[in-house]
Structures are given as structure tokens and as C-alpha cells.
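Ligands are counted one by one from 1 in listed order, and the atoms in each one are counted from 1 as well.
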Amino acid sequence: MDSQPLADKTDKPTLATLFARALRLRCPACGQTKLFRNRLSMYDRCEACGRKFDRAPGYLLGSIYFNYGITALLVIVFFFSMFLSQAMSGKALLIVLSLFILLFPIWFFRYARAMWIAFDEKFDPWPNEQEAREMAKNKQRPEA
Ligand SMILES: [Zn+2]
């Protein structure tokens, strides 16, 4: 599914494909290379298709929506399932959920970024007009 030719820009990945690539922490455009060098540091661009991962200053802040939203959703589901089933005392539930909201977003950080980049790829595929102009302008330089 991810072995499309590099030059073929007409095939836009579906939302399901983009989501699957995000869960695998892969380039949303081609799915061939990793987004992250290690736990915290990202590659600048995809080596296979050239897709820039951090498109503009502040661009990656959008991943906070995914991180916060999914954390809050999981807390709500877990809280009500434990509260209604009375499987945990109120104090134990508070401790478990407090630890969860501190640790889960740290672990989920890379996936939230990958989801944000995939979401962006769906609605503003790389390169957009401005990026294409800049790429054409910088074509002489090897590292644009
Ligand atoms: Zn790529």
C-alpha cells in the first residue's frame, strides 16, 4: 500500500491510509520514511518524497489539539466506566487519572504530531503553491 512510485503525485492517500501512516510514525505523503530520528527529534523532511515535516514556524503546535483531545477523551471514558462500575474508589481513581494525564501526553507526543501532519496532508497537501514556488526558486541549491 505504501509502495507507490515517487514521481506519482496524482495519487492522494485516503484518510485511512494517512491515519495508518501516522500510527506507524511514517511520512504522510509516501509512507516510506520515519518522521522521528529518536523519541523527541524529528527529521526535517522525507528522504523519499521530499515532504517537509515542519512546514513553517509554529506549524507543529497544531499537534496539541490531537494530544489534548485524545487525552481528554480517554480520561472521560475511563472515569465514567470506573465511576459507574464502582471498580475503583474515588481516591484511587483520582491517583490513576492524575498519573495518566501526566504521563500519557508525553508518551503520545510523537503520535499526536504524526496525526497532525497527516491531517494537514489531507487538507493542505505538500507542496502547496507557496512551497512549490520556494522549491523552484531554491532548485540550484542541493539542500533547499
Ligand atoms: Zn515521504
For this session: Considering only NZ, NE, NH1 and NH2 on the basic side and carboxylate oxygens on the acidic side, decide whether Arg21 and Glu121 come within less than 4.0 Å.
Result: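 So Arg21 does not pair with Glu121 through a salt bridge.
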Exercise. Who pairs with Phe108 by ring-ring contact (aromatic ring centres under 6.0 Å, His included), at least two apart in sequence or on another chain?
Worked result: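 Phe108 satisfies ring-ring contact (aromatic ring centres under 6.0 Å, His included) with Phe104 only.
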For this session: Go through the steps to decide whether Glu131 and Lys52 satisfy the test salt bridge (charged side-chain N to carboxylate O under 4.0 Å, His left out), and finish with yes or no.
Result: CA-CA 9 Å; Glu131 290 163 336; Lys52 197 171 181 192; over 6 Å; no
Exercise. What is the number of protein N/O/S atoms located under 2.8 Å from the Zn ion (ligand 1)?
Worked result: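 Number of qualifying protein atoms: 4.
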Exercise. Which residues satisfy the side chain to side chain contact (heavy atoms under 4.5 Å, CB included) test with Ser89, sequence neighbours excluded?
Worked result: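 Checked Ser89 against side chain to side chain contact (heavy atoms under 4.5 Å, CB included); matches are Lys91, Ala92.
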Exercise. Listed by chain and number, what are the side chain to side chain contact (heavy atoms under 4.5 Å, CB included) partners of Ala87, not counting sequence neighbours?
Worked result: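 Listed in chain order: Met82, Ser85.
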Problem set entry | Greater than 12 external heavy atoms within 6.0 Å of Phe109's CZ |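 More than 12 heavy atoms, drawn from other residues, nucleotides or ligands, come within 6.0 Å of this atom.
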